[in-house]
Amino acid sequence: MNAMPNTPVEADQPVAFDPGAVTRWRPQSIDAIPGQTEIPLIGPGDVQPIIPGIDLWDSWPLAHEDGRTVEHHGRQYWFFLSAPIFPDPGQRHDHARIRLASLGPDGWRDHGNAMPDGFSPGSREWAGSAVLHDDGVSVSLLFTAAGRRDGPPSFEQRLFVARGALGAEGPGQWSSAQELVRAEVERYTIAAEASGKPGLIKAFRDPAWFVDPATGERHVLFTGSAGWSDHDYNGVVGIATLRGTDWVLSDPLVEAVGVNNELERAHVVVSGGHYYLFWSTQTRTFAPDSVKGPNGLYAMVAGSLSGPWRPVNGSGLVAGNPAAEPTQGYSWWVTGEGEVWSFIDHWGMQGRSFDAQPELLRAQFGGTPAPVFRLTFAGDSVTIAA
């Protein structure tokens, strides 16, 4: 099987589900270790826009089915969430489009919006992943459709795939977008809120492609919310599996009920025979009565995709923003080569606050890729490479 087949949405059906069987993330403490899990400070020389007049944030590469980053005619192709530069960068989420850029020996090239105007079924395009199938031509762009095209404002989130081809100028030629799979209330909350506060909305987003090298099965991981819990902080990592021509929801891999509301942009990297399940989260999305960690990249490790999963480094923290600049970066993505990409968020704050200096909302927002770093994998330990 080379290209992703037709994928009709799974029909609702009764499922046997035991929430107690899902791996729980219940850290006792989360402390960044300088030089091992603390990301170096971002400075003025790192804040280099690559597309004038455009803010960029969440990113992911066009990757092979086994996770390796594609190089096509000497270039890598990267997808970013993008928006025009607004006075308040928080407005970008209401205008997000997926942008395509490529990186080669001559630096970055802008290829414009990845999908045509009016193509997405949502009012905004949120994060996902992209895969070049084994035929070397067929491409699948998985993404989150937020809201509904021409509909009222909402935080509804649906998982979609667009099929295309890899041409001389990179991935494109997209066919119609098709919904992958829908939430069902026993395991996954249906994310369709009309309004909400940042960090507290429910999730069904961030589809991430993964082929299990042990079985050859194709999976999509996603950020979800526990359908069996009405706790305000009930984030989970969800998964769907391709069965024939249908994507079928499976039980969550990890849940953080009572700990954290958003295990964002979950994805799996296999290294040294271990499966590493990565996600990003923020201090503000930890429950008020829970242990809190820095804005950072977190992970669990297991011997197989089915688990059981153990927190990497004892707590789950792989790489966190330094205490001196807790919001300098976000949305970390680990490539198959072990490189970590993210974007520059509010950097160089030096302890200042937006309440006292609201102009910093714009002045200190990076909106561009952050310095890339590498990870060192050693069983249950994953640290920033020296």
Side-chain angles (χ1 to χ4, degrees), residues 32-40 42 46 57-72 74-80 101-104 108 127-132 206 208-214 219 221 237 253-254 263-281 293-305 307 309-322 328-344 369-386:
I33 303 172
Q36 294 184 4
T37 62
E38 191 174 77
I39 300 168
I42 289 173
D46 299 317
W57 60 108
D58 299 7
S59 63
W60 61 94
L62 177 65
H64 292 282
E65 294 218 36
D66 63 6
R68 291 174 297 119
T69 303
V70 170
E71 288 209 6
H72 181 60
R75 306 192 72 79
Q76 296 180 359
Y77 287 85
W78 283 83
F79 297 83
F80 296 88
S102 65
L103 179 62
W108 285 99
S129 60
V131 58
L132 174 65
D206 306 337
W209 177 267
F210 177 69
V211 176
D212 189 340
H219 306 276
L221 284 77
V237 174
L253 297 181
V254 170
L263 310 185
E264 295 196 289
R265 306 204 62 211
H267 56 289
V268 170
V269 172
V270 178
S271 179
H274 293 81
Y275 289 65
Y276 296 93
L277 170 60
F278 292 100
W279 69 85
S280 297
T281 199
N295 292 14
L297 174 69
Y298 293 76
M300 291 252 190
V301 60
S304 70
L305 186 61
W309 297 90
R310 307 177 298 278
V312 162
N313 300 331
S315 68
L317 179 63
V318 174
N321 283 336
Q328 70 169 15
Y330 191 60
S331 195
W332 293 268
W333 183 270
V334 184
T335 70
E337 296 76 25
E339 291 187 341
V340 185
W341 286 64
S342 59
F343 77 95
I344 301 176
V372 176
F373 59 90
R374 296 187 65 89
L375 297 177
T376 297
F377 296 84
D380 285 14
S381 171
V382 182
T383 55
I384 298 171

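- F80 pairs with exactly one of W108, W60, W57 by the ring-ring contact (aromatic ring centres under 6.0 Å, His included) rule, that one being W108.
- Side-chain contact between L253 and L305: present, with at least one pair of heavy atoms (C-beta onward) separated by less than 4.5 Å.
- For D46, there are no side chain to side chain donor-acceptor pair (under 3.5 Å) partners two or more places apart in sequence or in a different chain.
- Side-chain atoms of R265 never come within 3.5 Å of backbone atoms of A208 as a donor-acceptor pair (strictly under, hydrogens ignored).
- Under the ring-ring contact (aromatic ring centres under 6.0 Å, His included) rule, W341 has a single partner from F373, W78, F79, W333, which is W78.
- Remark: side-chain polar atoms of E339 are not paired, donor with acceptor, to backbone N or O of V372 under 3.5 angstrom.
- Counting only distance, with no hydrogens or angles, the side chain of H267 and the backbone of V334 share a donor-acceptor pair below 3.5 Å.
- Partner of E264 under the side-chain hydrogen bond (donor to acceptor under 3.5 Å, both in side chains) criterion, out of W279, Y330, W332, Y298: Y330 alone.
- The closest donor-acceptor contact from the side chain of N313 to the backbone of V382 lies under 3.5 Å.
- At least one donor-acceptor pair closer than 3.5 Å links the side chain of S129 to the backbone N or O of W209.
- Looking at heavy atoms from C-beta onward, P369 lies out of side-chain contact with F343 at the 4.5 angstrom threshold.
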Practice problem: Tell me, with the steps shown, if V312 and F278 meet side chain to side chain contact (heavy atoms under 4.5 Å, CB included). | Solution: CA-CA 10 Å; V312 162; F278 292 100; over 6 Å; no
